[in-house]
Amino acid sequence: MSLRFAGYAAVFDAVDRGGDVVRRGAFARLPEVVPLLWQHGGAPVGVIERLAEDARGLRVIGRIEDARLAALVKAGGVKGLSFGYRVRAARAGVDGGRGRDLTALDLVEVSLVAQPMQPLATVHAVAG
């Protein structure tokens with residue numbers, strides 16, 4: 001069983017659970033191939049078919065090839081998205097917060113997750 005999905009791995013200008021904020025333009029340099037992982041580890045569970053910044057955030061369209069995970073996503077049991085990255089540029093967080101304003105990132109992977117660090121980073125559509 002394979003399942004296509006669309007969602008946001010990052011939402012701009014929203015504080016995550018660690019206090020960080022991803023800013024528009026942070027993903028200006030996107031790699032051509034990005035693996036789709038489960039919980040940021042292990043072997044890929046599918047592929048990312050499209051990846052781009054839009055006005056809201058880092059929008060992804062992917063295909064889950066792991067049948068068990070695809071069934072969970074289809075049933076709504078797993079909705080979270082996240083991303084692995086390296087910081088190229090950041091500045092101290094706003095209002096003296098503990099987090100950072102992330103302004104330039106190198107994307108390493110996109111993951112389906114049970115609890116996203118960024119609560120707004122979710123799967124919003126499935127097909128298949």
Side-chain angles (χ1 to χ4, degrees):
M1 169 186 191
S2 148
L3 181 76
R4 289 188 81 217
F5 71 93
Y8 284 89
V11 176
F12 297 139
D13 305 325
V15 180
D16 72 14
R17 296 175 204 262
D20 289 344
V21 177
V22 177
R23 298 299 182 188
R24 189 170 278 107
F27 298 102
R29 296 185 341 193
L30 287 170
E32 287 187 31
V33 178
V34 176
L36 176 64
L37 304 179
W38 167 240
Q39 299 281 106
H40 300 291
V45 294
V47 297
I48 298 297
E49 297 175 345
R50 281 186 77 197
L51 182 68
E53 276 196 8
D54 67 13
R56 184 167 189 237
L58 182 63
R59 187 163 190 271
V60 299
I61 297 174
R63 186 177 66 251
I64 306 164
E65 295 172 346
D66 178 282
R68 192 172 132 261
L69 185 55
L72 286 169
V73 171
K74 186 172 186 173
V78 171
K79 298 179 186 177
L81 286 170
S82 187
F83 63 97
Y85 61 97
R86 289 184 196 87
V87 176
R88 285 190 296 114
R91 55 184 179 251
V94 294
D95 300 327
R98 65 178 186 200
R100 305 165 290 175
D101 278 352
L102 302 173
T103 58
L105 301 172
D106 287 331
L107 184 67
V108 176
E109 51 89 4
V110 172
S111 282
L112 288 154
V113 295
Q115 291 291 322
M117 187 73 146
Q118 218 299 325
L120 299 172
T122 60
V123 170
H124 63 256
V126 295

Engineer: When you group the ILVMFWY residues by side-chain heavy-atom contacts below 4.5 Å and let the links chain together, are Val126 and Val45 in the same group?
Structural biologist: yes
Engineer: Assigning hydrophobic clusters by single linkage (Ile, Leu, Val, Met, Phe, Trp, Tyr; side-chain heavy-atom cutoff under 4.5 Å), is Val11 placed with Leu105?
Structural biologist: no
Engineer: Does the Gln118 side chain pair with the main chain of Ala14, one donor and one acceptor, at a distance under 3.5 Å?
Structural biologist: yes
Engineer: Search all heavy atoms of Ala10 against all heavy atoms of Ala121 and return the closest pair with its distance.
Structural biologist: N-CB, 4.3 Å
Engineer: For the residue pair Leu3 and Ala70, what are the closest heavy atoms and their distance?
Structural biologist: CD2-O, 3.3 Å
Engineer: Write down the atom of Glu53, the atom of Leu30, and the distance for their closest heavy-atom approach.
Structural biologist: N-CD1, 4.5 Å
Engineer: Is any side-chain heavy atom of Leu102 closer than 4.5 Å to a side-chain heavy atom of Arg23?
Structural biologist: no
Engineer: Kindly say whether Pro116 contributes a backbone atom to a donor-acceptor pair with the side chain of Arg17 at under 3.5 angstrom?
Structural biologist: yes
Engineer: For the side chain of Gln39 and the backbone of Ala114, is there at least one donor-acceptor N/O pair under 3.5 Å apart?
Structural biologist: yes
Engineer: Quick one: does Ser82's side chain get under 4.5 Å of Val110's, heavy atoms only?
Structural biologist: no
Engineer: Please identify each residue that fulfils side chain to side chain donor-acceptor pair (under 3.5 Å) with Asp20, with sequence neighbours left out.
Structural biologist: Arg100
Engineer: So which atom in Val108 and which in Arg86 form the shortest heavy-atom distance, rounded to 0.1 Å?
Structural biologist: CG2-NH1, 3.3 Å
Engineer: Does one hydrophobic cluster hold both Leu58 and Tyr85, with members joined at side-chain heavy-atom distances below 4.5 Å?
Structural biologist: yes
Engineer: Is there a donor-acceptor pair under 3.5 Å between the side chain of Glu65 and the backbone N or O of Val47?
Structural biologist: no
Engineer: Does atom CZ (Arg59) have a neighbourhood of more than 12 heavy atoms from anything else shown, all under 6.0 Å?
Structural biologist: yes
Engineer: Heavy atoms, side chains only, cut-off 4.5 Å: are Val123 and Leu112 in contact?
Structural biologist: yes
Engineer: When clusters are formed by joining ILVMFWY residues with side-chain heavy atoms under 4.5 Å apart, either directly or through shared neighbours, do Phe12 and Val15 land in the same one?
Structural biologist: no
Engineer: About how many Å separate CG of Leu107 and CZ of Arg29, when rounded to the nearest 0.5 Å?
Structural biologist: 12.0 Å
Engineer: For residues 101-126, which residue pairs qualify under ring-ring contact (aromatic ring centres under 6.0 Å, His included), counting only residues two or more places apart or in two chains?
Structural biologist: Tyr8-His124
Engineer: For the atom pair CG (Leu37) and CG (Leu69), what is the distance rounded to the nearest 0.5 Å?
Structural biologist: 11.0 Å
Engineer: Taking all heavy atoms of Arg63 and all of Leu36, pick out the closest pair and write down the distance.
Structural biologist: O-CD2, 3.9 Å
Engineer: To the nearest 0.5 Å, what is the distance between CZ on Arg56 and CG on Asp54?
Structural biologist: 8.5 Å
Engineer: Is there a path of hydrophobic side-chain contacts, each under 4.5 Å between heavy atoms, that joins Ile61 and Val78?
Structural biologist: no
Engineer: Considering only heavy atoms from C-beta outward, does the side chain of Phe27 approach that of Leu51 to under 4.5 Å?
Structural biologist: no
Engineer: Heavy atoms, side chains only, cut-off 4.5 Å: are Phe83 and Val22 in contact?
Structural biologist: yes
Engineer: Using a 4.5 Å cut-off on heavy atoms from C-beta on, say whether the side chain of Val113 contacts that of Leu81.
Structural biologist: no
